[in-house]
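See below for the structure under consideration.
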Amino acid sequence: MELVDLSVPVESGMPVYPGDPEVSVAPALTVARDGVNVLGLHLGSQSGTHVDAPFHIDDALPALGDLPLSRFAGPAVVADARGLAPRSPIGAGLLDGPAWPSGGDAPIVLVATGWSAHWGGESYQAHPFLTEEAATLLVERGVRTVGIDALSVDPTPADDFPAHRVLCGAHAVIAENLTGLDRLLDAQARGRPIEVWMMPLRLDGADGAPVRAVARIG
């Protein structure tokens with residue numbers, strides 16, 4: 001068994017979606033002064049590696065606390081969308097490759113763009129993105145958890161969010177800012193099973209929350 005961390009570190013000045021709260025991490029208490037070390041954190045619910053609840057785009061859709069825990073863990077397949085040019089659309093054809101695990105249950109689908117290599121740089125916002133047709137294909141296949149190693153499943157910045165609308169409208173969970181998906185693609189190519197956990201902070205009524213995303217390779 002091998003565990004793979006799929007999360008980016010939470011640190012001051014880390015990339016955030018345009019307009020989101022900036023992240024600040026600094027000592028609030030110290031052993032020298034207060035007898036204990038405690039960090040003070042300032043961040044948004046969509047900071048770093050995080051999940052979106054459907055409520056993120058529509059007040060009438062389920063908030064984070066309304067979703068079953070099964071949305072955040074389970075068997076996963078990885079779609080290989082690497083090698084695309086900046087701001088390229090990821091069409092439904094690129095999601096046809098991964099084989100569904102046996103048993104009939106739709107897996108968590110992780111979309112590997114390779115864009116996590118740009119984390120921290122100006123080009124990180126120029127990531128590929130899911131088309132509305134690709135999001136619709138996933139929903140039609142019964143997928144209710146989708147992750148991507150980029151800032152968003154839609155373009156950044158964007159005036160409209162078609163992939164979010166399709167996925168959230170189906171009460172799906174979206175994970176963004178994943179990293180390390182290359183290792184999962186390699187494992188998948190060798191026929192090794194993959195399970196993923198992306199458990200959010202318990203923020204009932206929230207639009208989303210940071211997660212520590214971890215994969216287990218069997």
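Bear in mind the structure is a predicted one, so any value in this text is a computation, not a measurement.
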Is there a donor-acceptor pair under 3.5 Å between the side chain of [X] and the backbone N or O of [Y]?
{"X": "T136", "Y": "E132", "value": "yes"}
{"X": "Q188", "Y": "V78", "value": "yes"}
{"X": "H56", "Y": "P54", "value": "no"}
{"X": "S24", "Y": "S12", "value": "no"}
{"X": "D149", "Y": "G114", "value": "yes"}

For the [atom1] atom of [X] and the [atom2] atom of [Y], what is their distance to the nearest 0.5 Å?
{"X": "T145", "Y": "F72", "atom1": "OG1", "atom2": "CZ", "result": "7.5 Å"}
{"X": "I217", "Y": "L184", "atom1": "CD1", "atom2": "CG", "result": "5.5 Å"}
{"X": "L61", "Y": "C168", "atom1": "CG", "atom2": "SG", "result": "7.0 Å"}
{"X": "L201", "Y": "R212", "atom1": "CG", "atom2": "CZ", "result": "12.5 Å"}

Can you give me the closest heavy-atom contact between [X] and [Y], atom names plus distance?
{"X": "L39", "Y": "P27", "value": "CD2-N, 3.9 Å"}
{"X": "G48", "Y": "V8", "value": "CA-CG2, 3.9 Å"}
{"X": "W115", "Y": "A85", "value": "CH2-C, 4.4 Å"}
{"X": "M14", "Y": "P9", "value": "CE-O, 3.4 Å"}
{"X": "A53", "Y": "P62", "value": "CB-O, 3.9 Å"}
{"X": "G180", "Y": "V4", "value": "O-CG1, 4.3 Å"}

- Not counting sequence neighbours, list each pair that qualifies as a side chain to side chain donor-acceptor pair (under 3.5 Å) and has a residue in residues 157-173.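 Qualifying pairs: D52-H164, D154-H164, D160-R165, H164-E176.
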Look at the side-chain heavy atoms of Ile, Leu, Val, Met, Phe, Trp and Tyr, link any pair under 4.5 Å apart, and say whether [X] and [Y] land in one connected group.
{"X": "V139", "Y": "L95", "answer": "yes"}
{"X": "V23", "Y": "V51", "answer": "no"}
{"X": "L151", "Y": "L130", "answer": "no"}
{"X": "V25", "Y": "V211", "answer": "no"}
{"X": "L3", "Y": "L178", "answer": "no"}

Do [X] and [Y] have side chains that get closer than 4.5 Å, going by heavy atoms?
{"X": "P155", "Y": "F161", "result": "no"}
{"X": "F129", "Y": "S152", "result": "no"}
{"X": "I90", "Y": "T131", "result": "no"}
{"X": "V173", "Y": "R144", "result": "no"}
{"X": "V77", "Y": "L110", "result": "no"}
{"X": "S45", "Y": "H50", "result": "no"}
{"X": "P210", "Y": "V10", "result": "no"}
{"X": "P200", "Y": "L64", "result": "yes"}

- Message: Within a 6.0 Å radius of atom CZ on R202, are there more than 12 heavy atoms belonging to other residues, nucleotides or ligands?
- Response: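 No, because the 6.0 Å sphere around CZ of R202 holds 12 heavy atoms or fewer from other groups.
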- Would you please test M198 and I108 for side-chain contact (heavy atoms from CB on, under 4.5 Å) and show each step? CA-CA 10 Å; M198 301 183 291; I108 293 171; 4.3 Å; yes
Among residues at least two apart in sequence or on other chains, which ones pass salt bridge (Lys or Arg N to Asp or Glu O under 4.0 Å) with [X]?
{"X": "E195", "answer": "R216"}
{"X": "R82", "answer": "D80, D182"}
{"X": "E2", "answer": "R183, R192"}
{"X": "R190", "answer": "none"}

Between the side chains of [X] and [Y], does any donor sit under 3.5 Å from an acceptor?
{"X": "T30", "Y": "N37", "answer": "no"}
{"X": "H127", "Y": "T156", "answer": "yes"}
{"X": "N177", "Y": "Y17", "answer": "no"}

- Item | Residue pair R141, V109: steps toward the side-chain contact (heavy atoms from CB on, under 4.5 Å) verdict | CA-CA 11 Å; R141 289 185 171 182; V109 172; over 6 Å; no
- Task: Given side-chain contact (heavy atoms from CB on, under 4.5 Å), test L84 with L94 step by step and report yes or no.
- Result: CA-CA 11 Å; L84 296 177; L94 285 175; 4.0 Å; yes
- What do the steps show when you test T49 against L6 for side-chain contact (heavy atoms from CB on, under 4.5 Å), and what is the final call? CA-CA 8 Å; T49 305; L6 307 180; 5.9 Å; no
- According to the salt bridge (Lys or Arg N to Asp or Glu O under 4.0 Å) rule, which pairs have a member within residues 56-72, sequence neighbours left out?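 As it turns out, there is no salt bridge (Lys or Arg N to Asp or Glu O under 4.0 Å) pair with a partner in residues 56-72 once direct neighbours are skipped.
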